[in-house]
Every structure is written in structure tokens, then in C-alpha cells.
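Remember, predicted model here, so these are calculated numbers, not experimental data. Each chain gets a letter, A, B and so on, in the order the sequences are listed, and its residues count up from 1.
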Protein chains: 2
Amino acid sequence: MIKPATIKDIAKTLKISTSTVSRALRNASDVNLKTRTAVLALSEELNYQPSRLALSLQQKQTHTIGVIVPNLDYVIATMVKGIDEVALEAGYTVMVCQSNESFGREMVNTRRLLDSLVDGFIISVSSETKVFDHFKKIQQKGMPMVVFDRVSSDLVAPKVRLDNTEGGYLATEHLIEQGYKRIAILAGPKNLTISNDRLDGYLKALKKFKIKVEPELINHCNFNQQDAYETTVDLLKMKRRPDAIFTISDRMAIGAMLAIKEKGLRMPIDIGLVGFNNEPVTALVTPGISSVEQPAFELGKAAAKLFIEQMHHEEDLSDVERVLRPRLIVRESSLRKAGVRLPRAK
Amino acid sequence: MIKPATIKDIAKTLKISTSTVSRALRNASDVNLKTRTAVLALSEELNYQPSRLALSLQQKQTHTIGVIVPNLDYVIATMVKGIDEVALEAGYTVMVCQSNESFGREMVNTRRLLDSLVDGFIISVSSETKVFDHFKKIQQKGMPMVVFDRVSSDLVAPKVRLDNTEGGYLATEHLIEQGYKRIAILAGPKNLTISNDRLDGYLKALKKFKIKVEPELINHCNFNQQDAYETTVDLLKMKRRPDAIFTISDRMAIGAMLAIKEKGLRMPIDIGLVGFNNEPVTALVTPGISSVEQPAFELGKAAAKLFIEQMHHEEDLSDVERVLRPRLIVRESSLRKAGVRLPRAK
DNA sequence: AGCGTTACCGGTAACGTTCCCGGTGGTTTT
DNA sequence: AAAACCACCGGGAACGTTACCGGTAACGCT
């Protein structure tokens with residue numbers, strides 16, 4: 001283990017003080033050109049790298065952002081890429097921690113990063129999280145914190161999120177316009193805002209078109225495929241079964257699709273389907289699944305920008321909320337009016 | 001910005017020395033029970049958290065692992081989850097950096113983490129990387145480093161990887177057994193070992209079954225869907241077109257599948273297809289795509305374990321190579337013998 | 001000649017922690 | 001009663017860096 005060159009080594013061999021070396025390496029003011037070039041040359045030779053550790057200790061900031069996400073699926077990975085992009089440019093390093101949708105992991109990760117490892121946080125909460133004390137601790141410490149994607153009204157902090165209500169609205173409106181009458185929704189866990197917002201959009205669309213809300217068509221289930229499958233199987237057993245399903249994630253849409261196919265129903269004729277996220281898979285299955293696209297990369301960038309902003313200026317941005325707009329991508333699974341190719345099922 | 005409580009604060013209010021506080025908080029030896037409880041109580045009250053920064057500076061280790069990956073697709077995200085798992089348990093924090101398959105980004109990331117931020121690295125190289133000086137610098141510093149997934153023989157370090165040759169063999173053998181005669185391969189970039197190894201497996205299988213190797217059936221293209229699509233389009237234009245395609249990733253398989261469908265060919269009758277990675281999508285498309293599954297989570301865990309091992313003991317493990325075995329998952333895209341349901345195409 | 005200005009540099013403290021060494025008192029051993 | 005031992009504690013240095021303050025020489029100005 002060769003130990004790296006320090007500022008002291010340079011000072012010693014050049015027979016000058018560490019202060020001078022430090023200045024030569026940075027400010028360039030208050031230091032003779034000759035000594036400066038000497039320092040620079042030697043530091044090059046020893047390939048000196050300043051210790052970020054010592055620096056961080058000294059000036060009490062690490063230039064590192066802690067990013068806490070529930071997992072690293074397609075959408076979130078894309079968001080993280082966005083965060084990475086602007087963070088890197090601003091001279092920050094990011095530490096990504098997956099909570100695995102587990103409240104415990106989320107707490108442990110937060111605690112760890114809190115011990116003077118990061119300057120602040122960019123967070124998307126896990127689906128298990130119902131209590132936010134560990135995040136509030138961040139703010140008590142006076143650290144900047146931005147919430148993104150999965151936000152929560154219990155958390156007073158700058159937020160960047162999708163307009164999930166509009167997403168829900170777009171999907172539902174589209175199904176209505178395609179002539180579907182009994183539209184079911186597979187919403188996510190009740191404690192997640194994205195879940196409730198998308199449900200709100202669904203309700204708004206029904207109201208707009210004066211369609212009665214039927215509670216048995218509203219189902220909460222987890223984000224995974226299996227749960228969605230089972231819920232759909234149940235839905236399709238109803239005497240008056242729904243003729244369309246809106247799921248608030250594509251994974252859930254896949255689950256629903258499997259149940260639909262198993263039952264022998266055809267999309268979009270017998271039943272319509274719309275998902276959420278516009279994951280690549282939606283374009284690959286047959287029929288293609290219509291889905292609400294979110295600008296994930298942009299969303300990540302926006303979150304990081306907001307973070308940096310909050311970092312630099314002292315102003316309180318905790319009531320700022322950037323809301324990005326979704327876009328509906330229509331595919332075959334819900335396109336009944338434009339191109340009916342198959343005969344109607346009995 | 002409320003500054004956190006330090007060991008000094010505790011010492012001052014308790015009118016004892018910092019040394020004693022430090023001992024009380026750790027060793028428990030050489031400290032009176034009474035003072036110890038007092039320290040513990042006060043530290044609880046001030047909710048004291050030791051500064052990992054100061055600690056790291058002092059003992060020259062950060063308890064952090066730098067993980068550098070080309071991207072965060074399904075397989076790699078799963079591997080990272082595995083790394084995370086054992087790292088967390090061993091008291092390490094991981095820093096994940098995506099190089100985005102870019103050599104430049106990979107260098108920048110490595111450089112950054114090198115400045116006394118991490119104790120070592122777990123690395124999967126980007127597809128652009130042809131030169132490894134930035135990684136060798138890690139070893140010059142005497143830091144442990146484990147290479148996983150995408151390894152390279154130019155890098156002398158402990159490795160954890162899939163038996164890619166066997167993966168290639170399994171896929172090809174299966175296609176041969178299903179009666180396919182002209183089997184093309186879509187290999188990845190030439191400088192990647194995983195690419196060449198899978199190709200080797202392909203060649204081995206051909207040799208085993210005494211099938212002549214035809215150079216025009218061997219194609220290198222990038223990992224993305226588009227490239228695979230275009231390459232396949234070209235392949236299918238040949239006068240004697242291949243009757244099966246083995247792609248070394250599922251993304252590529254999807255691209256190939258699109259080209260195949262466009263051409264009006266049917267799987268598995270007219271043409272067989274096998275992918276690699278067993279991503280969920282392979283089970284969702286129609287027909288389902290056969291694919292070589294790799295134990296990604298296990299692979300990540302193994303890499304982290306090897307890292308920890310190298311960290312703790314001084315022994316040189318740089319010639320250790322853990323090779324995990326793949327498994328072929330057969331789906332409809334290549335299953336010609338078992339269930340022929342459609343008439344033969346003219 | 002005396003004074004202020006400038007250009008350059010060094011010493012020291014500080015960031016929060018641990019480690020090593022050297023004390024104290026009090027008790028036991030010889 | 002001297003010597004040895006123990007349990008407990010404090011002082012100081014060290015990790016690598018920068019900030020602050022002060023000092024010295026050289027120079028120019030009145």
C-alpha cells in the first residue's frame with residue numbers, strides 16, 4: 001500500500017511551508033511564479049491528488065449528494081441518469097442507495113449517509129414508508145433535500161414530480177373516447193401519492209364525462225406483476241365485468257394482460273388496457289400496450305438542478321414544486337375506434 | 001444549519017477529556033462504568049453521530065466501495081442489488097457510478113472516487129474501454145479491486161463472471177438440436193470478453209456437431225436494439241438466409257425479432273431465435289424468446305464477497321476467478337421439435 | 001530618513017476522531 | 001514500608017487540508 005503524496009511532502013522537499021503549497025495549488029495569489037511552477041511540477045511528478053476527505057472535514061462539505069430510491073427499475077434508473085448528469089457537471093458525486101421498497105433499508109441508508117458523508121439528499125420514498133421522521137432529521141440538520149417522483153405531502157421540501165393526476169386523466173379520457181364504458185383501475189398502494197393522484201385523474205375523467213363511479217372497479221394492489229394478475233383475474237370474474245382496465249404501472253399492465261389473455265378476451269375489442277411509464281416492453285408485447293409516458297430523464301435533471309440551487313443560495317425553496325407533464329402513447333391495446341380488424345366477440 | 005454534536009461537546013459538558021469519551025463510546029475498556037453511562041446518556045441526548053469523515057481521515061479507510069458499471073439495465077441493476085446486499089451487511093456503503101458505456105465518463109468517475117473516497121472498486125468495464133490505465137492506477141495505489149461481469153484479460157485482478165462460453169454453447173447446441181442448420185450469431189463489440197466468449201461457445205457447438213462455420217453468419221454489432229435490427233435485416237436479405245439467430249443479449253434479440261416479423265417470417269417455424277440474459281421481457285413477447293439466464297444477483301454477491309475477502313486478508317487473490325454457470329430457458333421462439341402448431345411456410 | 005505599500009511566505013489553529021504514552025491515586029504484594 | 005500493580009483518566013500528536021494573521025524584505029514616496 002503506497003501511501004499517496006500529500007501537501008506536506010511537497011512542502012518538505014521544496015523546503016517551503018504547507019500554506020504556500022496550498023496556495024500555489026489553488027488561489028495562485030500571494031505566491032511567486034517561480035515557486036508556483038515548482039510546486040506544480042513536483043505535484044505532477046508525485047501525481048499528487050488532494051484528499052477530498054481532509055477537504056471535506058475542513059470545510060464541512062463533501063460535494064456528494066445522497067440519492068435514495070426504492071429500486072432501480074427502468075424509470076427510476078433513467079431518472080438517476082438525469083440526476084447524475086447535472087450533478088457531475090456541477091462538481092458533485094452521487095451516492096445511490098436502493099431501499100428495495102423497504103422502510104427499514106430506507107432508514108438505514110439515510111442514517112448512514114447522514115453521518116457526514118453527503119451534503120444533502122434527493123429522495124424518492126419507498127412504498128412501505130408511512131412515517132417520515134428519518135427524513136425530517138435531514139432537515140433538522142439543515143441539509144438541503146429534494147423529493148422527486150414519489151413525493152409526499154407530509155414532507156415539506158422542494159419537489160419535482162410528474163403531474164400524475166393528469167396522467168390518470170389522460171389514460172381514462174382516452175379509454176372513454178374509445179367507447180369503453182366500465183373502466184376499472186388498478187391503483188397502487190394507498191399511502192403513495194402517485195397512486196392516489198393517478199386515481200384522482202381517473203375519477204376526474206369519469207366525472208367530466210358523467211360516468212358513475214363504481215367502487216368495485218377501483219382496486220388497490222402492489223406494484224408487482226403477480227398482484228396485478230390476481231386482481232385482474234378477480235375483476236374478470238364479475239358478472240358485469242369491466243370492459244377496460246387502467247393500471248398505474250406497466251408491470252401491472254403486463255400482469256393484467258396475462259390474466260386477460262388467459263381468459264380468452266381480446267384487446268382492444270373485448271377489453272381495453274392502458275398502462276403507465278411507457279417502458280420499452282409496452283411496445284414489444286402483442287398487442288402493444290398504450291401507456292402514459294413520463295419524461296424521466298428530464299425529471300431527474302430537474303431534481304438535481306433544484307438541489308444545486310438550494311445548495312448555493314440560502315433562500316428557502318421548500319414550497320417550490322416543479323410539475324412535469326405526461327404524454328399518452330397510444331398503442332393497440334386500447335385503440336378500438338381507429339382500426340377494428342377483428343370481428344366482435346359474442 | 002445546526003451543527004452536529006461532537007465528541008468535544010460531550011467532553012466539555014461532562015468535564016472529562018475527549019480521549020475518555022472516545023473510549024467510553026467504543027472500547028469500554030479503561031473507563032469507569034459511571035462515566036461511561038454518563039457519556040452514553042449524554043450522547044444519546046445530543047443524538048451524537050460520529051463523523052465518518054474524521055474517522056476515515058484518521059484511519060485511512062472510508063468503508064465505502066466504488067462500483068463502476070456501464071449502465072443500469074435489468075441485469076446489472078440486479079447484480080448491483082447483490083453487491084449492495086453483502087456490502088451493507090459487512091458494514092460497507094457502496095457508491096454506484098454509471099459510465100454510460102463511455103470511456104471518458106468511466107475515467108472521470110474512477111478518478112473522482114480515487115481521491116480518498118473509497119477503499120476499493122468493484123468494476124464492470126464499459127464497452128468503449130480498450131485501455132485500462134485508469135484501472136491500473138487503482139492497483140498502483142494498492143487498493144483492492146474486483147472485476148465482475150464484463151472482465152478483461154488485460155486486467156490482473158480477482159474476477160467474478162458468468163461462464164459465457166458455456167452460455168453461448170448452450171444456446172447454439174439447443175438450436176442445433178432443434179434442427180436448425182444455418183445459425184447466425186449477433187455478437188457484441190469485439191473488445192468485450194463477454195462478446196468473444198459467447199462467440200466461442202457458439203463456435204464450439206458448431207464444431208462439436210460438425211457444422212461448417214460460415215463467416216458471413218457471424219456479425220458484430222452494438223448492444224442496442226436498433227443495431228441488432230439493422231444487422232438482422234441484412235442477414236435476412238442473404239440468398240441463403242440463416243434459419244436461426246443467436247443474439248448475445250435480449251435487447252438485441254428484440255431487435256432481431258422486429259426484423260423477423262417485418263419480413264413476415266414466423267418463429268420458430270421459419271426461423272429460430274435465442275437471446276441472452278433472460279430479462280422479463282423475453283417471457284412477455286409473442287412468441288416468448290428463449291434465453292440464457294445468468295444468476296445476476298448471485299454474481300453480484302460473489303463479487304462483493306470476494307472484495308471483502310481481499311480487503312480483510314492481505315493475500316493476493318488476483319488470480320482468483322469465480323465462474324458462475326448459466327442456464328438455458330427455452331421458450332417458443334426456438335422450440336420447433338416439441339410443438340409444431342403451424343403449417344410449414346412455403 | 002522615515003513611512004507606507006506591496007509581494008511573498010510561514011506559523012498556528014481548526015475540522016473530529018483515535019492512539020500512544022504517561023500520569024494519578026489506591027490497593028495488593030513482598 | 002517499599003515495591004509492584006491496577007483502574008482510570010488526560011495530554012498531545014496525528015490524519016491532510018485551508019483560513020487567518022502576522023512577519024519580512026524590497027521598493028517607492030514624501
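Going from atom CG of A:Asp9 over to atom C1' of D:dA14 covers 14 Å, rounded to whole Å. Rounded to whole angstrom, the span from the CD1 atom of B:Ile16 across to the C1' atom of D:dG11 amounts to 14 Å. A straight line from CG of A:Leu25 to C1' of D:dA19 spans 16 Å, rounded to a whole angstrom. Put simply, CG on B:Asp30 is 14 Å from C1' on C:dT18, counting in whole angstrom units. Rounding to whole angstrom units, NZ of residue A:Lys12 and P of D:dG16 are separated by 10 Å.
Rounding to the nearest 0.5 angstrom, the gap separating the CD atom in B:Glu298 from the CG atom in B:Leu162 is 12.5 Å.
Side-chain atoms of A:Ser56 come within 3.5 Å of backbone atoms of A:Arg52 as a donor-acceptor pair (strictly under, hydrogens ignored). Side-chain atoms of A:Ser99 come within 3.5 Å of backbone N or O of A:Val69 as a donor-acceptor pair. Checking side-chain atoms of A:Asp9 against main-chain N and O of A:Thr6 turns up a donor-acceptor pair under 3.5 Å.
For a distance-only test at 3.5 Å, the side chain of A:Asn32 fails to qualify as a donor-acceptor partner of the base of C:dC9. Within 3.5 Å, a donor on the side chain of B:Arg23 pairs with an acceptor on the base of D:dG10, or the reverse.
Between B:His134 and B:Phe103, the two ring planes are perpendicular [angle over 60°; tilted spans 30° to 60°]. The aromatic rings of A:Tyr92 and A:His63 are tilted relative to each other, their planes meeting at an angle between 30° and 60°.
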With the criterion being N/O to N/O and under 3.5 Å, what pairs connect the protein with nucleotides 13-17 of chain C, and how long is each?
| residue | atom | partner | partner atom | Å |
| --- | --- | --- | --- | --- |
| C:dC15 | OP2 | B:Lys8 | NZ | 3.2 |
| C:dC15 | O3' | A:Lys60 | NZ | 3.2 |
| C:dG16 | OP1 | A:Lys60 | NZ | 2.8 |
| C:dT17 | OP1 | B:Tyr48 | OH | 2.6 |
| C:dT17 | OP1 | B:Ser51 | N | 3.1 |
| C:dT17 | OP2 | B:Ile7 | N | 2.6 |

So which protein N/O to nucleotides 23-28 of chain C N/O distances come out below 3.5 Å?
none

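In the model, A:Ser318 has a side-chain atom that pairs as donor or acceptor with a side-chain atom of A:Asp316 under 3.5 Å.
Looking at heavy-atom distances under 4.0 Å, B:Ser56 makes no contact with the nucleic acid at all. No engagement by A:Lys34 is indicated, since no non-hydrogen atom pair under 4.0 Å with the nucleic acid exists.
Of the charged side-chain nitrogens involved, at least one lies within less than 4.0 Å of a carboxylate oxygen, so that A:Glu101 and A:Arg150 count as a salt-bridged pair.
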Report task. Check the pair B:Thr110, B:Lys137 against side-chain contact (heavy atoms from CB on, under 4.5 Å), reporting the backbone distance first and the verdict last. Result -> CA-CA 9 Å; B:Thr110 313; B:Lys137 204 172 286 177; over 6 Å; no
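Contact between the side-chain N/O atoms of B:Ser19 and the OP1/OP2 oxygens of C:dT18 is not found at any separation under 4.0 Å. For D:dG10, the OP1/OP2 oxygens have a side-chain nitrogen or oxygen of B:Ser17 closer than 4.0 Å.
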